[in-house]
Amino acid sequence: PYLCLLLVPMDEENDGLLSEAEVIPRAWPVLRRPIQVAAILGALLLLVGLTLASPSFARSARLSGILQLADKGIYPLIRGGTRIYGEDDEDDAVCVGHVLSSGAWLAAAALKIHAAVVECDPSRYGENVSEERRVTKYRQARPGLCARDIMGHMRDLAQTSLLLEGAATACGEDKIDNIRCTTAVTNTLRQSFHASRFASELDVYCPLDTNVFSLFICINRVEGVGWALDAMLAGISASARYCGTKEKRVPKLAVGSCVGEIFGGAAYVAAFGMNIWAGADFECMSAQDPRDLVNLTQKEKDRINARCAVFSSGAARTFAIASSKVTEAAGHCGASGNTACGRSMALGAAALAGAAEAISIMRLECISPMSCCQETTRGKFVCDCTGPAIKDIREANQVLRRRCARFTASMLKELAVAVSLVSEGTSECTKQDTSDFGCASFVSGALAGYFFLAEAISRTTVRCKEDLDRFFCSQDIGFIGESVDLMTHAIGAALRECGFGSTPRKSNWLSYGRRFFLP
């Protein structure tokens with residue numbers, strides 16, 4: 001009776017497929033899984049091999065190597081246009097970040113094979129399947145979940161390839177011909193798999209007549225489709241530009257990026273509308289039946305207000321991202337003027353709204369631990385303080401503490417991203433492209449990477465359990481790599497910029513992925 005209070009679909013950890021019994025945490029099994037051990041050992045061997053073979057790794061222990069660290073982003077750097085320095089400059093920070101991140105995404109790809117073996121099996125769906133084997137009672141969810149696992153696996157392999165292609169240039173001294181063309185094509189494939197993964201989940205979580213319906217997750221997947229389609233069309237535009245030509249600058253009219261930003265903006269406008277609809281018709285106090293409100297406990301009222309705040313801040317976040325995409329679309333579609341200023345400020349506002357969304361979820365996860373006495377209706381309590389009940393309550397509270405830590409880290413991540421983007425936007429709006437703005441942005445970016453790392457680790461403690469949440473566990477392992485990658489880039493860029501005052505900025509701005517704007 002107590003564990004049902006945990007089943008509040010406020011993020012992917014509650015994916016609508018979990019039974020009450022499965023919410024109880026089990027022993028940490030990651031290092032006991034042979035497939036994960038093989039992936040982790042492979043990443044370590046790759047790192048050792050590059051350390052022994054790459055001159056840039058060998059020099060990184062010297063001060064001269066450390067002072068040369070700078071952020072240059074994954075090749076090709078679509079957001080931000082051309083590099084300040086040439087594409088063939090070796091970069092120890094990018095090298096280290098890409099190699100470590102590629103190992104994490106390779107492990108994630110291996111885990112998705114495990115997820116597909118389970119979620120593509122028809123015998124694990126239906127009413128008559130035991131809880132230990134059942135994915136969900138809803139049989140129609142199998143095609144979407146199976147396609148999600150396969151597309152996610154392909155996306156992770158493409159992500160690994162993209163990172164290693166970037167590392168091949170960043171870790172070595174020799175020029176690699178056509179590396180921009182290669183990485184543009186790989187990025188296009190990666191984003192096409194990513195869009196397909198999100199689209200396959202729409203049929204699982206969005207239909208109202210299923211027992212796995214979750215409006216929160218449905219909105220999240222609509223956002224994902226828009227973000228990935230935008231990046232895919234930008235990748236097509238970059239592939240056409242880099243393959244077979246010497247062109248490096250983004251032209252004033254980039255058709256693929258123009259169309260992609262429009263599609264992305266439309267998807268985020270739809271997500272904004274869905275958030276408003278969810279709050280007004282389902283989640284907020286005004287949507288509840290007045291006859292039911294009379295008997296609600298104070299705790300239940302607090303939960304309703306918290307969920308209302310989640311969707312309200314989610315509406316603000318998606319509207320800000322839609323604004324940034326429309327602004328960027330104007331720049332790619334040939335409009336004159338400083339569109340970079342508006343884009344960065346809008347994304348900074350989105351990160352602030354994401355922090356508010358995380359705080360709203362913290363009200364659900366951090367404030368009220370469970371006890372053996374529960375208020376069922378106003379002024380009436382039911383108590384069960386027997387030994388088994390106390391044990392279940394302690395385990396449930398452990399899950400709440402881990403989720404509280406996860407959203408606390410997420411809130412700090414969003415605040416750091418907001419500071420980074422506001423610093424970037426201030427530089428672009430005032431046309432003062434100096435190292436002091438770069439230093440503020442990159443230091444905040446390093447903190448964002450650190451808090452994202454803490455968030456991802458906290459997520460794994462909840463989701464990487466035996467025979468449970470294989471897909472989402474793999475995502476979290478990949479996010480660990482993504483956070484380390486951004487953190488090394490930002491630290492390298494900060495070393496280059498900080499302390500140089502009003503001198504011209506020497507490193508490109510950081511490029512934040514979609515996960516940095518989600519709680």
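Index from 1, following the sequence.
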Hey, could you give me the CG/NZ distance between D230 and K325, rounded to the nearest 0.5 Å? 3.5 Å
Once you measure the plane-to-plane angle for W227 and Y268, does it fall in the parallel (<30°), tilted (30-60°) or perpendicular (>60°) bin? perpendicular
Answer yes or no for R180 and Y242: cation-pi contact, defined as NZ/CZ to six-membered ring centre under 6.0 Å and angle to ring axis within 45°. yes
Value for OG (S237) from NE2 (H332), rounded to nearest 0.5 Å, stands at 8.0 Å
Using 0.5 Å steps for rounding, measure from the CD atom of Q475 to the SG atom of C464. 11.0 Å
Atom pair CD (E201) and OG (S196), whose distance is rounded to the nearest 0.5 Å: 11.5 Å
Over all heavy atoms of both residues, which pair between D485 and S101 is shortest? Give the atoms and the distance, please. CB-CB, 3.8 Å
Indicate whether any N or O donor in one side chain lies under 3.5 Å from an N or O acceptor in the other, for S344 and E424. yes
Heavy-atom side-chain proximity of V326 to E261 below 4.5 angstrom: no
Set out, in order, the CA-CA distance, both residues' side-chain angles and the distance that settles side chain to side chain donor-acceptor pair (under 3.5 Å) for T339 and T327, then state yes or no. CA-CA 6 Å; T339 57; T327 303; over 6 Å; no
Is it true that E357 and S313 share a donor-acceptor pair across their side chains at a distance under 3.5 Å? no
Between H114 and H153 (judged by ring centroids, cut-off 6.0 Å), do the two rings come close enough to count as a pair? no
Checking side-chain polar atoms at under 3.5 Å, does E223 have a donor or acceptor matched by the opposite partner on T318? no
Go through the steps for E165 and T186 under the test side chain to side chain donor-acceptor pair (under 3.5 Å), then give the verdict. CA-CA 9 Å; E165 289 165 6; T186 304; 3.0 Å; yes
Taking all heavy atoms of V222 and all of A267, pick out the closest pair and write down the distance. CG1-O, 3.7 Å
Working to the nearest 0.5 angstrom, can you tell me the gap between I361 CD1 and C404 SG? 12.0 Å
Got a sec: does the CZ of F263 have more than 12 other heavy atoms crowding it under 6.0 Å? no
Trace of the side chain to side chain donor-acceptor pair (under 3.5 Å) decision for T160 with S102: CA-CA 5 Å; T160 303; S102 66; over 6 Å; no
Heavy-atom nearest pair, F437 first then T426, reads CE2-CG2, 3.5 Å
Taking the cut-offs as 6.0 angstrom to the six-membered ring centre and 45 degrees off its axis, would you call R148 and F472 a cation-pi pair? yes
Search all heavy atoms of W509 against all heavy atoms of G438 and return the closest pair with its distance. CZ3-CA, 3.8 Å
Do the rings of F479 and F452 sit parallel, tilted or perpendicular, given the 30° and 60° boundaries? tilted
Just how far is it from atom CZ of R221 to atom OG of S200, taken to the nearest 0.5 Å? 9.0 Å
For side chain to side chain donor-acceptor pair (under 3.5 Å), just list the numbers for S420 and Y512, CA-CA rounded to whole Å, side-chain angles, deciding distance to a tenth of an Å, and then say yes or no. CA-CA 10 Å; S420 176; Y512 292 102; 2.7 Å; yes
